[in-house]
Amino acid sequence: MDMSRRTVIAAATAAGLTAAAGVGTAHASPGGRPAKELFGRLADGTKVHRWSLENGGTRLKVLSYGGVVQSLEIPDRHGRYRNVVLGFAGLDDYVAKSPYFGALIGRYGNRIAKGRFTLDGTTHQLSVNDGVNSLHGGAQGFDKRVWDVAGFTSGTDVGLVLRYTSADGEMGYPGTLRAKVTYTLNRHGDWRIDYEATTDRATVVNLTSHVYWNLAGEGSGSIYDHELEIAAARYTPVDTGLIPTGELARVTGTPFDFRRTKTVGEDIRVGHQQLLYGQGIDHNWVLDKGISARPEHIATLRDPSSGRTLRISTTEPGLQFYSGNFLDGTLLGTGGHIYRQGDALCLETQHFPDSPNHPSFPSTVLRPGRTYRTSTVHSFGP
Ligand code: GLA
């Protein structure tokens, strides 16, 4: 966070603008221990909690169900807070009809063709839940599991550790996968996600976060005016089922060129075959930096009306940019508004879709004795 943002937050606090949320909700004090409250119960009685944490001007509400970020509030250039992620007010909607709002995705972010892959000579059949393909880990992915959550403070950081153990064979994946995800808010208000996993049998893994961003505020309309920059000269074109063809195509001269900042809406109606397949943008960008040991900057999203800006850094080689194409006016969001096509976008840092069937893509194989580790940082500013 730069000085101007600090000043804005200080001014907003003095003006009482940081007073938040309804009666009966748990509040975490800035930089203090995360607070926990009961959010609801699943049909079998399992309790789902909601955690609240705040630091450096960013406020986060996280559910133990799916590790869902239900709300993420940041100030605009005048210090006015809005929740900038799509979600639901209650647990039932998350269970019944969520298009992965705010959720942790596993074991495998995005699609695996025909839900099938071969590893070390054995073919594995996964749960198929998107036509003939497997999407986001199958019918009961990590987004539909109740995670073990613990709050922590460490120095000036505040955070949550979320754990989920996926049994050998769950959704067709081999190996017992122990996943640990850490959400950290630092004193600058950056939201960092650290993913870790281990296995007892060779398997594939590709964890990500499926937050739907609208920096003007959820329910405020479309994101076509948001400005976006992505540091990638290539993307992975797909077939009609949104499975990569294997080609790493150049973005030059296509609607997929975001190397120079442009609005999301600028080229979204261009008559390009790939946009017809995705009903808009639903593609993986091949990040120029490749896999990196530390998170490196890959994308900036800015809403000119509010001035809110999101900067993303990651260790991952890919970014799935999805322009909210399947939002169709049938979901009622957190703040009481209906979500329509293009009302948010997702920027999912990841390995490439269907990597297990593309030996030329960076590998998603995890073997016993190794630890899967990736990190993504979201920084905010006016
Ligand atoms: C990802 C996929 C999309 C869609 C959304 C959720 O971004 O690539 O095709 O499934 O998740 O609707």
Side-chain angles (χ1 to χ4, degrees), residues 66-69 85-88 93-115 126-144 171 206-214 218 222-223 228 230 232 235-245 256 258 264 268 273-287 299 301 312 314 316 318-331 333 338-358 361 364 376:
V68 163
V69 172
V85 302
L86 268 50
F88 295 117
D93 283 349
Y94 280 105
V95 174
K97 51 189 166 194
S98 180
Y100 308 96
F101 282 158
L104 286 173
I105 304 296
R107 294 186 187 191
Y108 199 96
N110 214 275
R111 292 174 179 77
I112 295 183
K114 300 192 171 61
L126 307 172
S127 154
V128 162
N129 60 333
D130 185 58
V132 298
N133 301 319
S134 186
L135 174 66
H136 296 330
Q140 297 286 319
F142 287 8
D143 59 296
K144 295 178 186 67
M171 296 295 109
N206 187 28
L207 306 179
T208 190
S209 159
H210 209 301
V211 167
Y212 284 68
W213 301 100
N214 183 327
E218 67 80 30
S222 94
I223 44 72
L228 180 63
I230 304 174
Y235 75 110
T236 51
V238 291
D239 66 16
T240 50
L242 300 185
I243 297 292
T245 60
F256 300 91
F258 282 88
V264 172
I268 207 156
Q273 186 65 61
Q274 286 293 317
L275 295 182
L276 282 171
Y277 287 165
Q279 294 179 40
I281 296 170
D282 194 353
H283 292 79
N284 169 66
W285 267 252
V286 178
L287 300 170
L301 180 71
I312 302 181
T314 188
E316 288 280 48
L319 178 74
Q320 184 81 14
F321 166 19
Y322 165 62
S323 55
N325 314 324
F326 306 134
L327 298 171
D328 60 2
T330 57
L331 300 178
I338 288 166
Y339 295 147
R340 297 169 60 86
Q341 190 176 46
D343 276 3
L345 62 88
C346 302
L347 296 168
E348 303 153 60
T349 53
Q350 57 174 20
H351 271 54
F352 306 169
D354 200 29
S355 297
N357 293 307
H358 291 278
F361 288 178
T364 51
T376 294

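Remember, it's 1-based here, ligands and their atoms both numbered in the order they're listed. Index from 1, following the sequence.
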Visitor: For ligand 1, is any non-hydrogen atom under 4.0 Å from F101's backbone (N, CA, C, O), its side chain (CB onward), both, or neither?
Guide: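 Neither part.
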Visitor: Taking the side chain from Y322 and the backbone from L345, do they hold a donor-acceptor pair closer than 3.5 Å?
Guide: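 Not confirmed, Y322 side chain does not pair with L345 backbone.
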Visitor: Mind checking whether N325 contacts ligand 1 via backbone (N, CA, C, O), side chain (CB onward), both or neither, at a 4.0 Å heavy-atom cut-off?
Guide: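 Near ligand 1, N325 shows nothing, with every heavy atom at 4.0 Å or more.
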Visitor: Out of N357, D354, N284, D130, which residue meets the side-chain hydrogen bond (donor to acceptor under 3.5 Å, both in side chains) rule with R111?
Guide: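 When N357, D354, N284, D130 are each tested with R111, the side-chain hydrogen bond (donor to acceptor under 3.5 Å, both in side chains) holds only for D130.
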Visitor: Checking D328 now: which residues fulfil side chain to side chain contact (heavy atoms under 4.5 Å, CB included) with it, not counting sequence neighbours?
Guide: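 Here the qualifying residues are T330.
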Visitor: Using a strict 4.0 Å cut-off to heavy atoms of E348, name the atoms of ligand 1 that fall inside it.
Guide: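 Those qualifying, in numeric order: 1 (C), 7 (O).
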Visitor: Could you tell me the residue and atom name of the protein heavy atom closest to atom 10 (O) of ligand 1, and the distance to it rounded to 0.1 Å?
Guide: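 Ranking protein heavy atoms by distance from atom 10 (O) of ligand 1, first comes L135 CD2, 3.3 Å.
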Visitor: Can you sort out the partners of Y100 under side chain to side chain donor-acceptor pair (under 3.5 Å), two or more places apart, ordered by chain and number?
Guide: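 If we apply the side chain to side chain donor-acceptor pair (under 3.5 Å) test to Y100, skipping adjacent residues, there are no hits.
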Visitor: Using a 4.0 Å cut-off to any heavy atom of F326, which atoms of ligand 1 qualify?
Guide: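 Answer for ligand 1: 4 (C), 9 (O), 12 (O).
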Visitor: Check each atom of ligand 1 against the heavy atoms of Q320 and keep those under 4.0 Å away; list them by number with element.
Guide: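 Listed by number with element: 8 (O).
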Visitor: In terms of relative ring orientation, are W285 and F258 parallel, tilted or perpendicular, with 30° and 60° separating the classes?
Guide: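 Rings of W285 and F258: perpendicular, over 60°.
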Visitor: Would V238 and T245 count as a side chain to side chain contact (heavy atoms under 4.5 Å, CB included) here? Give the steps.
Guide: CA-CA 5 Å; V238 291; T245 60; 5.8 Å; no
Visitor: Only heavy atoms of Y212, strictly under 4.0 Å: list the atoms of ligand 1 that pass.
Guide: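 The list of qualifying atoms is 6 (C), 12 (O).
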Visitor: Kindly confirm or rule out an N or O of H210 lying under 3.5 angstrom from an N or O of ligand 1.
Guide: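 Yes - when backbone and side-chain N and O of H210 are compared with those of ligand 1, one distance drops under 3.5 Å.
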Visitor: Would you mind listing which atoms of ligand 1 come within a distance below 4.0 Å of any non-hydrogen atom of D282?
Guide: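 Matching atoms, with element in brackets: 2 (C), 3 (C), 7 (O), 8 (O), 9 (O).
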Visitor: Any side-chain heavy atom of V85 sitting closer than 4.5 Å to one from W213?
Guide: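 Counting from C-beta outward, V85 and W213 do come under 4.5 Å.
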Visitor: Does the side chain of Q320 come under 3.5 Å of the side chain of Q350 through a donor N or O and an acceptor N or O?
Guide: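 Indeed, the side chains of Q320 and Q350 share at least one donor-acceptor pair under 3.5 Å.
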Visitor: Taking 4.0 angstrom as the limit and counting only heavy atoms of Y100, give me the atoms of ligand 1 inside it, by number and element.
Guide: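 Counting atoms of ligand 1 from 1, those under 4.0 Å from Y100 are 6 (C).
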Visitor: Counting from 1, what ligand 1 atoms have a heavy atom of H136 closer than 4.0 Å?
Guide: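 So the answer, numbered in order with elements, is 1 (C), 2 (C), 11 (O).
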Visitor: Which bit of N110 gets closer than 4.0 Å to ligand 1, counting heavy atoms only: side chain, backbone, both or neither?
Guide: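 Near ligand 1, N110 shows its side chain, while the N, CA, C and O stay back.
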